[in-house]
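Positions are given from 1 along the sequence.
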Amino acid sequence: MLMLCKVCEKEMIPKILFKGKEDSGDIYRCLQCKVAFVFPQPSDEILNKYYNGMYSDLTISFDERKMKWARSSMLGYLKELKNIDIDLTSNTTFLDLGGGLGYYTKAAEENNLDSILVEKDPVSIVFAKKHLQLKNIIEMDLLEFFKTNKKQYDIVFFRHVIEHVKDPSLIVENLYGVLKQNGVLIIETDNNAGIELLFKDGVRKFYLDLYRKSFSSVSFVKLLIKRPFAIDPPRHLFAFRINNLSGLLKAHGLIPKKRVHYRLGHPIYWPNIPSPSFKKLVKSFLKLEIRKFLCLFKSYMNLIFRRFLQFVGLSSGICIYAKKV
């Protein structure tokens, strides 16, 4: 089966990783750029039905924990921007594309950035207006926004969105267009090269169950070897690695200035998963709380192992700060 890769834009005969059950589609990999993707893709009707109100269970009330995590993350993002010599002022525009409920948009606003949320889900829009009091909201699909937008922005925030789109190359081309000269794109997604997901209690079971439900002949060993992460139609349609995502950005004039691999529980990129505390480990040992100590010791050793996976580029997420020059 000959097709054109929507990331490296080269003709390819893709390698099948897993056969889908029923209407899930199959998971393939481009052997040239290593991007993983689902084929055939879900229809627009299926995607619109999935995304319309997808956060309904999270919009009942304001969640202070999510706001705290977003604030913590935003401080980290802004610090990294300063490290690559980006000046931040009250006139700096921050465009949060596909920003969902708007917690990150609000966190940027609290740091005196001129923040704009673009989101197509009407349920999320109502939440952002009612609970976060966001004023600058554009209720629009990404492609519709790109067609109608007449402005350019200093910072474009694209957190865990690129894996959801049907044509990544087209989207990145448009991201270039909405950035000002010397503006920065912060793009973040799951790490397709990563295996950390299989070594974290709870997370491992989630992904084993997810893939066994939708695809054939799934096992822990096959997931470890084939690494389809985190293809999950109709939610995730593409899965990137640091090199093919960097290559996609460069192909459209966006130069990576900082590339990050991050683990589950990273204080900036994944703060909602707590990490075990060495202080608590020592405290339980001194108090002779043997069972608690052994549990914490196991968790702490697991954290050390996952930090190693992060160091060698096999952790769960990637983030790139890319500049339009």
Side-chain angles (χ1 to χ4, degrees), residues 47-81 88-142 144-145 153-165 185-190 200 202-203 206 210 230 232 234-236 262-277 316-317 319:
L47 291 174
N48 289 332
K49 183 178 179 181
Y50 176 79
Y51 285 111
N52 190 4
M54 69 175 295
Y55 294 125
S56 294
D57 59 331
L58 302 177
T59 60
I60 299 172
S61 62
F62 173 76
D63 190 332
E64 182 57 47
R65 294 176 309 159
K66 291 185 181 298
M67 193 68 248
K68 180 181 178 181
W69 294 330
R71 288 175 178 135
S72 173
S73 292
M74 190 55 58
L75 290 175
Y77 291 121
L78 298 181
K79 182 178 179 180
E80 293 293 358
L81 288 172
L88 302 172
T89 70
S90 59
N91 294 321
T92 299
T93 47
F94 181 94
L95 182 67
D96 188 359
L97 284 175
L101 298 173
Y103 283 106
Y104 286 88
T105 318
K106 183 66 175 180
E109 180 184 273
E110 291 176 348
N111 281 276
N112 298 316
L113 300 182
D114 182 6
S115 304
I116 305 98
L117 171 65
V118 177
E119 175 57 48
K120 73 174 183 177
D121 174 31
V123 176
S124 296
I125 295 296
V126 170
F127 177 89
K129 290 178 178 178
K130 178 180 178 181
H131 295 285
L132 300 180
Q133 287 82 51
L134 292 176
K135 304 299 182 184
N136 297 326
I137 299 177
I138 300 173
E139 185 176 351
M140 203 173 285
D141 175 81
L142 281 179
E144 184 183 358
F145 171 76
Y153 304 87
D154 297 296
I155 301 166
V156 173
F157 191 63
F158 208 53
R159 182 181 183 272
H160 287 275
V161 182
I162 189 71
E163 65 269 25
H164 296 263
V165 305
L185 169 69
I186 302 174
I187 186 168
E188 191 174 334
T189 187
D190 300 286
K200 179 78 169 67
V203 177
F206 172 84
L210 185 151
D232 174 24
R235 187 171 66 111
H236 293 173
Y262 62 85
R263 68 186 182 281
L264 298 166
H266 190 285
I268 298 175
Y269 304 102
W270 218 315
N272 60 319
I273 298 179
S275 295
S277 165
S316 296
C319 181

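- Ring geometry, His131 versus Phe127: the interplanar angle falls from 30° to 60°, so the pair is classed tilted.
- Judged by distance alone, with hydrogens and angles left aside, the side-chain atoms of Tyr103 form a donor-acceptor pair with the main-chain N or O of Asp63 at under 3.5 Å.
- Across Val156, Leu185, Asp114, a single residue satisfies side-chain contact (heavy atoms from CB on, under 4.5 Å) together with Leu95, and that is Val156.
- The main-chain N or O of Met140 is never found under 3.5 Å from a side-chain atom of Lys120 such that the two would form a donor-acceptor pair.
- Proximity of a side-chain donor or acceptor of Asp232 to a complementary backbone N or O of Arg235 within less than 3.5 Å is not detected.
- Judged purely by atom type and a 3.5 angstrom limit, Ser72 has no side-chain atom pairing as donor or acceptor with the backbone of Ala70.
- Between the Asp190 side chain and the Ala230 main chain, no donor and acceptor come within less than 3.5 Å of each other.
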Could you please spell out the steps behind the ring pair (Phe, Tyr, Trp, His ring centres under 6.0 Å) verdict for Phe94 and Tyr77? CA-CA 12 Å; Phe94 181 94; Tyr77 291 121; 8.3 Å; no
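- For the pairing with His164, the ring pair (Phe, Tyr, Trp, His ring centres under 6.0 Å) check across Tyr50, Phe158, Tyr51 returns one residue only, Tyr51.
- When the salt bridge (charged side-chain N to carboxylate O under 4.0 Å, His left out) test is applied to Glu144, no partner is found at least two apart in sequence or on another chain.
- Taking the salt bridge (charged side-chain N to carboxylate O under 4.0 Å, His left out) definition, one finds that Glu139 meets it with nothing, sequence neighbours left out.
- The main-chain N or O of Gly100 is found under 3.5 Å from a side-chain atom of Glu119 such that the two form a donor-acceptor pair.
- Defined by atom type and a distance below 3.5 Å, a donor-acceptor pair is present between the side-chain atoms of Thr93 and Asp154.
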Ile116 vs Ile137, test: side-chain contact (heavy atoms from CB on, under 4.5 Å). Steps then yes/no. CA-CA 6 Å; Ile116 305 98; Ile137 299 177; over 6 Å; no
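- Put simply, the side chain of Ser90 never gets that close to the backbone of Asn112: no donor and acceptor are under 3.5 Å apart.
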